[in-house]
Each structure stands twice: as structure tokens, then as C-alpha cells.
Amino acid sequence: MAEAVSIPSADLVQEFLTDQGQEVIKRMFMDFRSARMVRKFAGVTDKLILARQDITASLIKEWNSTLGFTNDALEVTSVNLEVARMKTELKFVIGDDTLHAYKAYLKGAGLVSDDMGLVEYLLQDPISAQQEELENAIWQGVELGSGIGTRPLMDRINGYREIARLAGVAGNATVVTTGAITSANAVDKVEDFYKAAHKTMKDRGFMIFCSYATFENYQLQMLSKHSNADMMLKTITGAGYSLEGMAIRLGAGRTFLVPVPGMGDDDALIGSRPEFLAYGFDYESEWTNWDVQKHGWETWALNKFPVGVQILLQKEGFLLVNDQL
């Protein structure tokens, strides 16, 4: 196995461009909470046209000998998942102190350089920071018309909250008036929110995404109202997603209140199924590779990438929002 030794600048550049450097990019896009909770579309570099089908007429009818097709029974609606082109620019000065810190980290963790390369070590904190930016932006992002060319991700894309809010304004979501949600009313407000869902949505079950503040207020009132209530979180898995939530007491036990760090700290609620929340990105094309340049003592690492989100099913009763978005 490799020893943790000094790495010449040429080798460092090469390490950025190997599978190890690509794996770091992949982790940025895939390894944070909301990325695990929603439907992911990798390899989206510009726009991905998706479609949903709505049944608009009865399919089963009395038999007779006349063959008559219902031309409008299936209505296909296209939904665009568009991504914005973003970039990350980092500058490193790799001196003896950095290499000593790297060696000490490996030793303390019982690792060698085969287990964690210098690039992965250098990018630990930047990747964590970028994951937090992604987490917040895909929920709270609002695209601004000002500052074009210098906008951070939060100001470049519309996140799920803004998309859901706009759907409510357009009549493509059910808007539920809850007002402020506190520890004295959180259970009642969440149950009122649930009641507004279409019966098909209730039968299938859905997620009510909320902030941690709202989730904690829900827990507090649940303990106050029902001291023997089951407060355990349940892991819910599906095709490409995994999340944790608390089953609400109404309905058939298929609907869950799910706290999301990216939602912020207010009283907003969004009701949908995880597979309707789309997250598009690209981490393995030539366009997203590291561009590494050596300038004297400095090593510049540049990475550009596309990212964006969309709610695939925007329809009253199937997408719910409250008045706190």
C-alpha cells in the first residue's frame, strides 16, 4: 500500500484528473440529505424533457361489437428539468505544513494515502460547504434577474419552495391556509394540511416536507396532546430515494412529516411524493472534469457543473403548499 509521502505538484494535478478526483465531484452531488430524498437525474447538461400521463376519461366501458377508441383518454404533459451552469474555483498553496497535516490526519485515522488521496483531503471542507449550499439552494433558491454572471447558486435557480409557491399562484397546487405554526398548534395545522390532499394521494401516501423548527413544534404538541404517542422516526425507501419521517396519525399511516435542513427555519409546508421532486446534475462528463493549473506556488482547481430542480407533478390535490412559503 502507498505511503503518505510528499507529492510533487505534477502528481497532484494528475490526482485531480483521476477517478479519485471524479469521485470527489460525485460525492458533492450525491452525498447530502436532500440528494438522498428525491429523484435524481444524472447527466443533465442543459434541459431534460420529462412527461407525465393523466387519465382524462373512463377506460372501462360496457362491451359492444363496435370498436371505438377514446382518443383523449391519455393526456401527456411535458415537464422541463432545466439546469443552470455553475462553477467552483479553489486555490491551494501546498507547503510542508499542508503535507505534514495530511500525514497526521492519515495516521490518526488509521489510513494510508491509498485510502484517501491528498486531493480528497484538501477538498473535505470545500465539498462539505458546497453540499450545504446545494442543500439550501435546491429548497430555498429564488432566481434573481439582477447580478447575472456573478449570482451564487441560491440566486441562480428556483428551488422546490419557489416552484411550489408559483404552482400555487398559478392554480397548479392546493394552497392551504395554516397561518403561523407553533408548539401549541403544529399537530392541528399539519392534519389540516393533510386533509386537503386528493383521496388518491392519501391512499398512496405522501411526504409533508417541513423545517426542523416546525418538526420540533409538531413533536412538542404531540407529546402534549398524546403523551403515549409513538414518536419514532421511520425510514421510507423507494425507487432512488431514502428518507426519515414521522407518520401522521390521520389516514392509513402512509403519510409522513419529514424534516429537511434545506427548508430553512420558518413554517412552510410542501406536500408531494419524493419521486415528483426531481434533481438534475452532471458529474461525469468532460465538461465537469477538474481544470487544474499551476501558478508558481499556487495550484488552481476549477470545476464547472450544471444543477437544477423541478417538481414533476404540479396539480391540485397532488401538490400541496401552505400560505407560509
| query | Does the pair Asp323 and Thr178 meet the rule for a side chain to side chain donor-acceptor pair (under 3.5 Å), with working shown? | reply | CA-CA 6 Å; Asp323 58 346; Thr178 63; 3.3 Å; yes

| field | Pair Asn185-Asn217, side chain to side chain contact (heavy atoms under 4.5 Å, CB included): steps then yes or no | value | CA-CA 8 Å; Asn185 66 16; Asn217 282 332; over 6 Å; no

| Worked verdict on Ser242 versus Thr235 for side chain to side chain contact (heavy atoms under 4.5 Å, CB included) | CA-CA 7 Å; Ser242 175; Thr235 300; 3.9 Å; yes

| field | side chain to side chain contact (heavy atoms under 4.5 Å, CB included) between Arg254 and Arg204, worked out | value | CA-CA 7 Å; Arg254 302 188 187 99; Arg204 292 186 65 188; over 6 Å; no

| After noting the C-alpha distance and the side-chain angles of Ile181 and Asn322, does the key distance pass the side chain to side chain contact (heavy atoms under 4.5 Å, CB included) rule? | CA-CA 11 Å; Ile181 300 177; Asn322 71 342; 4.1 Å; yes

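With contacts defined as side-chain heavy-atom distances shorter than 4.5 Å, the pair Thr299/Val292 qualifies. Side-chain contact between Leu269 and Gln324 is absent, with no heavy-atom pair separated by less than 4.5 Å. Contact of the Arg161 side chain with the Ile270 side chain is registered, since non-hydrogen atoms from C-beta on lie closer than 4.5 Å. His198 places none of its side-chain heavy atoms less than 4.5 Å from the side chain of Glu316. Looking at heavy atoms from C-beta onward, Arg249 lies in side-chain contact with Met222 at the 4.5 angstrom threshold. Using a 4.5 Å heavy-atom cutoff, the side chains of Glu89 and Trp300 are not in contact. Using a 4.5 Å cut-off on side-chain heavy atoms (C-beta onward), Asp203 and Lys199 make no contact. Looking at Tyr105 and Gln124, their side chains come closer than 4.5 Å, going by heavy atoms from C-beta outward.
No side-chain donor-acceptor contact under 3.5 Å links Asn289 to the backbone of Gly21. Put simply, the side chain of Ser224 never gets that close to the backbone of Leu220: no donor and acceptor are under 3.5 Å apart. Under the 3.5 Å distance criterion, the side-chain polar atoms of Asn136 are matched with a main-chain donor or acceptor of Glu132. The backbone N or O of Pro152 sits nowhere less than 3.5 Å from a side-chain atom of Asp155 that would complete a donor-acceptor pair. Side-chain atoms of Asp266 come within 3.5 Å of backbone N or O of Ala268 as a donor-acceptor pair. Using modelled atom types, no side-chain atom of Gln131 and backbone atom of Arg33 make a donor-acceptor pair closer than 3.5 Å. Without hydrogens or angle criteria, Lys40 side chain to Gly240 main chain gives a donor-acceptor distance under 3.5 Å. The backbone N or O of Ala278 sits nowhere less than 3.5 Å from a side-chain atom of Gln310 that would complete a donor-acceptor pair. At least one donor-acceptor pair closer than 3.5 Å links the side chain of Gln221 to the backbone N or O of Val187. Distance alone, capped at 3.5 Å, is enough to place a donor-acceptor pair between the Glu135 side chain and the Ser34 backbone.
Counting all heavy atoms, side chain and backbone alike, Leu257 lies closest to Ile248 at N-CG2, 4.2 Å. Pairing each heavy atom of Ala167 with each of Gln314, the nearest pair is CB-OE1, 3.4 Å. Contact record, Val176 with Asp192: CG1-O, 4.3 Å, taken as the closest heavy-atom pair. Listed here is the closest heavy atom pair of Asp265 and Ala213: O-CB, 3.8 Å. Between Leu81 and Val309 the shortest heavy-atom distance is CD1-C, 3.7 Å. Residue Gly264 comes nearest to Ser211 through the heavy atom pair O-CB, 3.0 Å, listed as atom of the first residue, atom of the second, then distance.
Here the CG-CZ distance, from Asp282 to Phe41, works out to 14.5 Å after rounding to the nearest 0.5 Å. The distance from atom CH2 of Trp139 to atom CG of Leu134, rounded to the nearest 0.5 Å, is 14.0 Å. For the atom pair CE of Met28 and CG of Leu123, the computed distance is 10.0 Å after rounding to the nearest 0.5 Å. In this structure, CD on Glu133 lies 8.5 Å from CE on Met154, to the nearest 0.5 angstrom. One finds the CZ atom of Arg156 at 11.5 Å from the OG1 atom of Thr150 (value rounded to the nearest 0.5 Å). Atom CD1 of Ile157 and atom CD of Glu143 lie 9.0 Å apart (nearest 0.5 Å).
Of the candidates Asp125, Thr88, Asn303, Gln130 forms a side chain to side chain donor-acceptor pair (under 3.5 Å) with just one, namely Thr88. Of the options Leu320, Ile208, Leu319, a side chain to side chain contact (heavy atoms under 4.5 Å, CB included) to Ser272 is made by Leu319 and by none of the others. Of the listed residues (Phe29, Trp290, Tyr283), just one forms a ring-ring contact (aromatic ring centres under 6.0 Å, His included) with Phe305, and that residue is Phe29.
In this structure, Ile25 is a member of the same hydrophobic cluster as Leu153, with clusters built from ILVMFWY side-chain heavy atoms closer than 4.5 Å. Linking Ile, Leu, Val, Met, Phe, Trp and Tyr residues whenever their side-chain heavy atoms come within less than 4.5 Å places Phe215 and Leu250 in a single cluster. Connection of Leu166 to Met263 is not established within any shared hydrophobic cluster, with ILVMFWY side chains joined at heavy-atom distances below 4.5 Å, either directly or through further cluster members. Taken together through direct or relayed side-chain contacts under 4.5 Å among Ile, Leu, Val, Met, Phe, Trp and Tyr, Leu312 and Leu277 form parts of separate hydrophobic clusters. Ile127 and Leu106 fall within the same hydrophobic cluster, defined by Ile, Leu, Val, Met, Phe, Trp and Tyr side-chain heavy atoms under 4.5 Å apart, directly or through other members.
Under a 4.0 Å N-O distance rule, the pair Lys225/Asp188 qualifies as a salt bridge. Taking the charged nitrogens against the carboxylate oxygens, Lys234 and Glu244 have no contact shorter than 4.0 Å, which rules out a salt bridge. At a threshold of 4.0 Å, the pair Asp31-Arg36 counts as salt-bridged, since one of the basic side-chain nitrogens sits closer than that to a carboxylate oxygen.
Applying the ring pair (Phe, Tyr, Trp, His ring centres under 6.0 Å) test to Phe206 and every residue at least two apart in sequence or in another chain returns Tyr194.
Annotation: Lys202, atom NZ; neighbour count of heavy atoms from other residues, nucleotides and ligands within 6.0 Å is above 12.
Taking the six-membered ring for Trp, Phe209 and Tyr160 have ring centres at least 6.0 Å apart.
Ring geometry, Tyr279 versus Phe32: the interplanar angle exceeds 60°, so the pair is classed perpendicular (tilted spans 30 to 60°).
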